[in-house]
Amino acid sequence: METSANHSMEDQFIAMRIKNRQNEYLHPSFLLESRLLEATTHGDQKEALTIIQSINKDQRPHLASIEIRSLKNSLICSCTLFTRAIIRGGVHPETAFTLSDTYILEIERQDDIVLLDKLEYQMLCHFIDVLNNEEKLPYGKTINRAITYIHDHILEDLNLHVIGKHCFVNHSYLSHLFKKEVGYSIVHYINKKRVEEAKYLLLHTTSSISEIAMLFKFCNQSYFTAQFKQFEGLTPRQFRDKHLS
């Protein structure tokens with residue numbers, strides 16, 4: 001059975017090679033693709049956009065019998081490449097894979113070929129933005145560990161006791177050390193990170209402000225609004241209206 005399946009795939013492979021030659025189709029240059037990945041890994045958005053525009057001047061690979069399905073498959077391949085590139089560039093794998101999942105779902109949801117073409121460029125820019133905005137951790141081992149824990153558990157209830165236990169230090173010592181190395185309190189840092197994450201939901205979902213406040217464990221919408229305004233200079237509603245108007 002396995003031998004038969006292998007022969008079938010080999011026959012399909014040969015047929016595809018013949019068809020590509022007859023149609024004078026060549027896949028994008030491996031050199032160009034390598035340059036695209038290199039530019040993405042280094043966060044060079046201008047260079048990456050130039051390269052992908054060059055790649056897309058040629059015909060896309062035929063990855064399904066239906067045109068829009070083929071395009072979606074091509075974009076999912078691009079998304080996978082971008083994901084690996086920003087991980088190489090230093091983005092936490094969980095962050096990169098979550099971003100990848102978000103875009104793959106959007107690719108599947110979209111049924112307009114023109115918008116799908118535009119989505120690939122938007123996706124590339126977003127991946128590079130995430131890489132370039134990734135917070136570097138120039139602190140000591142304990143604080144780096146605390147910050148990584150905060151990032152990974154940002155939707156959970158966070159407090160000094162829980163984080164201190166994870167970092168194998170007393171919560172009072174962690175509080176003192178965090179303020180000394182980072183420059184402000186750990187609570188301030190958590191709220192700042194939650195506001196940064198909330199901005200994405202305000203722009204890319206229809207979730208209400210109260211729902212977003214609850215998701216990020218703010219005690220109520222008023223406190224969320226106050227914290228958001230402290231960091232962004234606008235209320236969540238003003239922020240959403242400004243960028244979506």
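One-based numbering along the sequence shown.
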Heavy-atom nearest pair, Tyr121 first then Leu49, reads CD2-CD2, 3.9 Å

Any Leu174 side-chain heavy atom under 4.5 Å of Thr142 side chain: yes

Do Tyr223 and Asn191 come close enough that some side-chain heavy atom pair is under 4.5 Å? yes

For the side chain of Thr80 and the backbone of Ile76, is there at least one donor-acceptor N/O pair under 3.5 Å apart? yes

Non-hydrogen atoms of Cys79 and Tyr103 that approach each other most closely: SG-CB, 4.1 Å

Given the rule that I, L, V, M, F, W and Y join up when any side-chain heavy atoms are under 4.5 Å apart, are Ile150 and Val182 in one cluster? yes

Examine Phe127 and Leu81 and state if one hydrophobic cluster contains both, with Ile, Leu, Val, Met, Phe, Trp and Tyr joined whenever side-chain heavy atoms are less than 4.5 Å apart. no

Quick one: does Thr225's side chain have a donor or acceptor within less than 3.5 Å of a partner on Gln221's backbone? yes

Return yes when atom NE2 of His176 has more than 12 non-hydrogen atoms of other residues, nucleotides or ligands closer than 6.0 Å, and no otherwise. no

Restricting to non-hydrogen atoms, name the atom on Ile55 and the atom on Leu36 that form the minimum distance, rounded to 0.1 Å. CD1-CD2, 4.1 Å

Under 30°, 30 to 60°, or over 60°: which ring-plane class applies to Phe231 and His188, parallel, tilted or perpendicular? perpendicular

Nearest heavy-atom contact between Glu120 and Ser78 is OE2-OG, 2.7 Å

d(Gln230 CD, Lys192 NZ) to nearest 0.5 Å is 11.0 Å

State the CG-CD distance between Leu131 and Gln45, to the nearest 0.5 angstrom. 10.5 Å

Below 3.5 Å, can you tabulate the donor-acceptor pairs from side chains in residues 152-168 to any protein atom, sequence neighbours excluded?
unit_1	atom_1	unit_2	atom_2	d
His153	ND1	Tyr149	O	2.9
Asn159	OD1	His161	N	3.0
Asn159	OD1	Val162	N	2.9

May I ask you to test the Glu38-Glu47 pair for a side-chain heavy-atom distance under 4.5 Å? no

When rounded to the nearest 0.5 angstrom, what is the spacing between CD1 in Ile128 and NZ in Lys46? 13.5 Å

Is the shortest heavy-atom distance from the side chain of Leu203 to the side chain of Phe239 under 4.5 Å? yes

Neighbour count >12 (heavy atoms, 6.0 Å) for atom OH, Tyr200: yes

Worked check of ring pair (Phe, Tyr, Trp, His ring centres under 6.0 Å) between Phe224 and Phe216: CA-CA 9 Å; Phe224 170 54; Phe216 287 102; 7.5 Å; no

Working to the nearest 0.5 angstrom, can you tell me the gap between Met123 CE and Ile52 CD1? 7.0 Å

From CD1 (Ile51) to CG (Leu124), nearest 0.5 Å: 9.5 Å

Let me see the working for Thr205 and Glu211 under side-chain contact (heavy atoms from CB on, under 4.5 Å), right down to the final yes or no. CA-CA 11 Å; Thr205 74; Glu211 287 171 337; over 6 Å; no

Is a donor on one side and an acceptor on the other found under 3.5 Å between the side chain of Thr41 and the backbone of Ala85? yes

Joint cluster assignment, Leu201 & Leu244, ILVMFWY side-chain distance < 4.5 Å: yes

Closest heavy-atom contact between Ile68 and Asp112? CD1-N, 4.1 Å

Considering non-hydrogen atoms only, spot the tightest contact between Leu116 and Leu75 and give its length. O-CD2, 3.1 Å

Could Arg109 and Glu106 be called an ion pair, given the rule that one side-chain N must be under 4.0 Å from one carboxylate O? yes

Residues clustered with Phe97, ILVMFWY side-chain links under 4.5 angstrom: Ile87

Strictly distance-based, threshold 3.5 Å: is any side-chain N or O of Thr102 a donor or acceptor partner for the main-chain N or O of Thr98? yes

Show your reasoning for whether side-chain contact (heavy atoms from CB on, under 4.5 Å) applies to Arg240 and Ile212. CA-CA 12 Å; Arg240 176 177 263 172; Ile212 295 172; 4.1 Å; yes

Working to the nearest 0.5 angstrom, can you tell me the gap between Ser54 OG and Arg35 CZ? 7.5 Å

Return the orientation label for the His204 and His126 ring planes: parallel under 30°, perpendicular over 60°, tilted otherwise. parallel

Run the side-chain contact (heavy atoms from CB on, under 4.5 Å) check on His151 and Glu197 step by step: do they pass? CA-CA 10 Å; His151 289 191; Glu197 298 280 348; over 6 Å; no

With the 4.5 Å side-chain cut-off for hydrophobic clustering, are Val130 and Leu37 part of the same group? no

Between Glu108 and Arg69, is there a salt bridge with N-O shorter than 4.0 Å? yes

Same apolar cluster: Met214 and Phe228, side chain cutoff 4.5 Å: no

Without swapping roles, check the side chain of Lys72 against the backbone of Gln110 for a donor-acceptor pair under 3.5 Å. yes

